[in-house]
Q: 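There's a structure below that I have some questions on.
Everything numeric in this text was worked out from a predicted model, so none of it was measured.
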Amino acid sequence: MTTPPPPDPPSEERPSREELDRQVRDRYGNWRDQPRGLACAVIAAFMILTTAAFAFAVVAVVMAMS
C-alpha cells in the first residue's frame with residue numbers, strides 16, 4: 001500500500017496563479033513558438049507524393065490512348 005501524499009501547504013506558501021503561468025511561459029514558451037519541422041515535412045511529402053501520383057496517372061492515360 002502506498003502512503004498518501006502530504007497535505008497541501010498553506011496558501012501563503014504556494015505561488016500565485018500568475019506566478020505559475022509566468023513560470024510555464026518562461027519554461028515552455030507559447031504553442032506558437034514550437035518548431036514546425038515535422039508539420040512541414042508531412043506537408044512536403046504529401047505534395048511530392050500527390051504530384052508523382054498525378055504524373056503517373058497522366059502517363060498511364062497517354063499510354064492507354066496510344
Q: Just how far is it from atom OG1 of T50 to atom CE of M47, taken to the nearest 0.5 Å?
A: 8.5 Å
Q: If you group Ile, Leu, Val, Met, Phe, Trp and Tyr whenever their side-chain heavy atoms sit less than 4.5 Å apart, what else falls in with V58?
A: F54, V62
Q: To the nearest 0.5 Å, how far apart are CG in L38 and CD1 in I43?
A: 9.5 Å
Q: So, using salt bridge (charged side-chain N to carboxylate O under 4.0 Å, His left out) as the criterion, who are the partners of E19 when residues are at least two apart?
A: R22
